[in-house]
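In what follows, every chain begins at residue 1, and chains take the letters A, B, ... in the order their sequences are listed.
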Amino acid sequence: MLRLIPDTDGQQADTLLEGLNPSQAQAVRTTDGPVLIIAGAGSGKTRVLTYRMAYLLRSGVHPDHILALTFTNKAAQEMKERIGHLVGANIARNIWAGTFHSIFARILRKEADHLGFTSSFTIYDTDDSTAAIKQVMGQLGISQQVIAPNAVRGRISNAKNSMMSWQEYARNADSIVEKQTGQIYEEYEKRLAQSNAMDFDDLLINMIRLFEHHPQVLAAWQQRFRYLLVDEYQDTNRAQYKVVNMLAKAHRNICVVGDDAQSIYRWRGADIRNILDFERDYSDATVVRLEQNYRSTKVILAAADAVIKNNAKQLKKSLWTENPEGEKITLLSCRDDREEADMVVRTIRSRMDNHGYSSRDVAILYRTNAQSQALEDALRRHNMAYHIVSGVSFYKRKEVKDTIAYLRLLVNPSDSESIIRVINEPARGIGQTSLERLQETAVTSGRTLYDVMLDVDSVVGLQKRIAQSVRDFIGIIERSRSLLETMSPSELAKHYIESTGLPQMYKLQDTDESLDRWNNIERVLDHLSEQEDLDPDLTLTTYLEQIALVSEADDPALGSNRIALMTMHAAKGLEFPLVVIAGMEQGLFPLAKAEQDIGEQEEERRLFYVGITRAREQLVLSYAERRYRFGELVFSRPSMFLSEIDADCFSASSRPMRSATPSAAPTQPLNQQAQQHRQQQYSSSQRGKGGYSSTPMSTPRAFNVPKPRSSNEYSQVPADESFSQTGEGTTIRPGDRVKHPMFGVGTVLTLSGSGQQTKVTVQFSNGTRKQLVLAYARLDVL
DNA sequence: AGAGCGTCGCTTTTT
DNA sequence: GCGACGCTCT
């Protein structure tokens, strides 16, 4: 082992091994050379990773020499936090641990000049990329009707992920569409370069370019990162694989962790070969299998195992647990999506009441984001506190994007996409025609749009009045640019955004919607100063990078006591005592697209596996016989995945969901129905087909519901009566301190109305006073 | 240039 | 069922 500090604390490092099982200890202890850790769900992977890093540190490895790459910000954050607990926050802070994209962005900023970028290059998200592609298509005269810009973006992204340049792409193009895509790809690349911007894929590709063309740069980073750790290795794509292996080449201390059964990002270019072939890449690799599950009950594991074993391709491993048998799985059979949502919420409610779960112990998972709508409605109807883990929405709002575009221009005026976005927002009289004139001039003179605008007199055929508008617009940016060095980012941003007139525009419109938008702008600025308080070295560039690469950026909901709603993709790496998976239907989960394609189907199945294994104690599955999709009512059969789970895993209690059931099969006792239903499932799985041959409407509505005690909740008791409280059963009273996600902290002044209509008046500390409908306002009592 | 109306595509998942 | 976008009219 490479020791930088003469050791006296080797012993101290070994104390970390206490309390780990033998495989875990081996994974922690084997610090040198290549290591592959195959970590089953719930096998203590994060623990092993953090202990391993702590072990390295305690063995005298300098924090600077460790690099940990994760897939999500969430994972990186958790890792840092937990290392902090083990070795102290100020040591942990120095470790480079982050997502591929953020770590690479950081490196690329330092090395930008090698690639012809400046260190304040802009990072384009998918929307920005699409916008740029539209511009390019317009420029090339390719109709957006014929080729969808979004599809082009996807194709270009795929090409980049498999490291195919536009030259190669064009060379291999057969069809007209591919040839045109090749052209667009080329122009798009040029446009990005001229805009001093990189898209998500470029953050990976440019790392490869950098290392290939500048061996001395690679050598320096290899010297720096002597211990590499890669989480979720099964989800890496070819480009990520390449960078990691280039970095690892010098010291070969590379430790990758993954679980092929949880590979769910194939669609994004993840290449499962990366993990399957690790032993081929490093023939001297130590392979450690973590197979003991500490998270879930036996029932849940059995269900997960039964599901995943239908996949042909997987590494062998057998997960086991010493945990108790646990409660059986509940299946909720519902008429439609609205009823499903209602039943899901009622079931959660009763579990909370009977098992002492609080809101933070519960997660509702689904396949598509669109499903959250019905569930949210139901949660609101029942006055239960929830939060959606997805986050993107805030940063997708127009006013927020505009604000960010303005900020980007401050640090990177070459960013033409941002100029186009905000040049006429608020209206400055610079419309389509004038913009085109400016762009033409830029193209013909080979200058950036911004440079052309700085020298607006050189543009021919521009109205005088409009030229003046351009000068004014440029003036706003230039004035604030000159203050970049002297003011703090948050102060500068505040004045600058004010000077653009954007917030005033919304404030003057004075409608509910426009005030909302105004508020969102303030939120961005507040967030910036918050981040600045956390990190005094924060620059505008790093802030912008942060929000470009963070999906669920605003996470004040983290740690708050609320039911979590999210896609199964977003749930990876998390765990909850009670998990509900909604929408277990053919065509939705698995998606229709996957029904034909075995590869896709296996990926869906892995996703289901991920979903199931998020549950610690209780699992509830639900499906609806019909639901609204694309605004249309669609009928569907229960998911084939349901029939892959052993009948024994499901709850035998056979109480019907509602009194209406007998009409479905009036002559049969209910428990026989359940029996029959399960047999049907079983035999259908034998046949290897979807099963559920009965028409949707006559599917026996059986085996359900946890406790007999709660039965009347499912009969005809008016829905809302019993739950007319705020979430978690807390009651709000005047004088209470509360927190609102948008308006911040405040004090409750008055309460009026009752039930659903309860309104609260809150005096917020930012001076505003608001009347809010309790059921809708997401207030946390402090 | 901007408002108003109609069409279209969207819903798979994320950095 | 919604939002983004494009077309037309003013």
Query raised in the report: Just one of T541(A), L538(A), I123(A) clears the side-chain contact (heavy atoms from CB on, under 4.5 Å) bar with Q546(A), so which one?
Result: L538(A)

Query raised in the report: Between E603(A) (CD) and dT13(B) (C1'), how many Å, whole number?
Result: 9 Å

Query raised in the report: Has the side chain of R367(A) got a donor or acceptor atom sitting under 3.5 Å from an opposite partner on the base of dT13(B)?
Result: yes

Query - Distance in angstrom units between E232(A) CD and dT15(B) P, rounded - result: 12 Å

Query raised in the report: Which is true for A148(A) with a 4.0 Å heavy-atom rule: it touches a base, it touches only sugar-phosphate, or it touches nothing?
Result: nothing

Requested in this report: Tell me what D201(A) touches on the nucleic acid: a base, only sugar-phosphate, or nothing, going by heavy atoms under 4.0 Å.
Outcome: nothing

Report task. Look at the side-chain N and O atoms of N73(A) and state whether any lies under 4.0 Å from the OP1 or OP2 oxygen of dT15(B). Result -> no

**Report entry** Range on DNA chain C touched by chain A, heavy atoms, distance below 4.0 Å
**Finding:** dG1(C) to dG6(C)

Query raised in the report: Has T126(A) got a side-chain N or O lying under 4.0 Å from the OP1 or OP2 atom of dT15(B)?
Result: no

Report task. Rounded to the nearest 0.5 Å, what's the gap from CD on E417(A) to CG on D128(A)? Could you check? Result -> 7.5 Å

Query raised in the report: Taking atom types as modelled, is there a side-chain donor on N311(A) or Y609(A) under 3.5 Å from an acceptor on the other?
Result: no

Query raised in the report: So, are K572(A) and D235(A) salt-bridged, with charged N and O less than 4.0 Å apart?
Result: yes

Query raised in the report: Between CD of E376(A) and CG of L565(A), what distance do you get to the nearest 0.5 Å?
Result: 6.5 Å

Report task. Kindly point out which of dT15(B), dT12(B), dT11(B) is positioned nearest to the side chain of K593(A)? Result -> dT12(B)

Query raised in the report: NA contact type, Y628(A), heavy-atom cut-off 4.0 Å: base, sugar-phosphate, or nothing?
Result: nothing

Report task. May I ask you to say what I264(A) touches in the nucleic acid, namely base, sugar-phosphate or nothing, with a heavy-atom cut-off under 4.0 Å? Result -> nothing

Query raised in the report: Which class fits the ring pair F100(A) and F104(A): parallel under 30°, tilted 30 to 60°, perpendicular over 60°?
Result: perpendicular

Query raised in the report: Just checking S434(A): base, sugar-phosphate only, or nothing, at a heavy-atom cut-off of under 4.0 Å?
Result: sugar-phosphate

Report task. Any strand is fair game: report the nucleotide pairing with dT8(C) by Watson-Crick or G-U wobble, both distances under 3.5 Å, or none. Result -> dA3(B)

**Report entry** Whole angstrom value for the distance that separates P of dC10(B) from CZ of F630(A)
**Finding:** 9 Å

Requested in this report: Grab the CG-P distance between N158(A) and dT13(B) for me, whole Å please.
Outcome: 16 Å

Query raised in the report: Can you check the D202(A) CG to dT15(B) P distance for me, whole Å?
Result: 18 Å

Report summary line: Checking R367(A), R627(A), R637(A) against E585(A) for side-chain hydrogen bond (donor to acceptor under 3.5 Å, both in side chains), the one that qualifies is R627(A)

Query raised in the report: Is NZ or CZ of R238(A) both nearer than 6.0 Å to the six-membered ring centre of Y241(A) and within 45° of the ring axis?
Result: yes

Report task. Write down the distance between NZ (K160(A)) and P (dT15(B)), rounded to a whole number of angstrom. Result -> 18 Å

Query raised in the report: What integer distance in Å separates I388(A):CD1 from dT13(B):P?
Result: 13 Å

**Report entry** Selection from dT15(B), dT14(B), dT13(B) that lies nearest to any side-chain heavy atom of T368(A)
**Finding:** dT13(B)

Requested in this report: Please figure out whether W267(A) or G429(A) has its closest DNA chain B nucleotide nearer the 5' end.
Outcome: G429(A)

Query raised in the report: From dT13(B), dT15(B), dC10(B), pick the nucleotide closest to the side chain of R268(A)?
Result: dT15(B)

Report task. Would you indicate which nucleotide in dT12(B), dT15(B), dT13(B) comes nearest to any side-chain atom of F200(A)? Result -> dT15(B)

Query raised in the report: Counting any heavy atom closer than 4.0 Å, what does K134(A) reach on the DNA or RNA strands: base, sugar-phosphate only, or nothing?
Result: sugar-phosphate

Query raised in the report: If we take the C1' atom in both dT12(B) and dC5(C), what is their distance in whole Å?
Result: 23 Å

Report task. Determine, answering yes or no, if F71(A) is stacked on dT15(B) under the 5.5 Å centre rule and the 30° plane rule. Result -> no

Query raised in the report: Think N424(A) has a side-chain N or O under 4.0 angstrom from the OP1 or OP2 of dG2(B)?
Result: yes

Query raised in the report: Nearest-Å distance, CD1 (I581(A)) to P (dT13(B))?
Result: 17 Å

Query raised in the report: Any side-chain donor-acceptor pair under 3.5 Å between Q373(A) and Q371(A)?
Result: no

Report task. Name the residue closer to the 5' end of DNA chain B, choosing between E604(A) and T99(A) according to the nucleotide with the nearest heavy atom. Result -> E604(A)

Report summary line: T72(A) has its side chain closest, among dT15(B), dA1(B), dT12(B), to dT15(B)

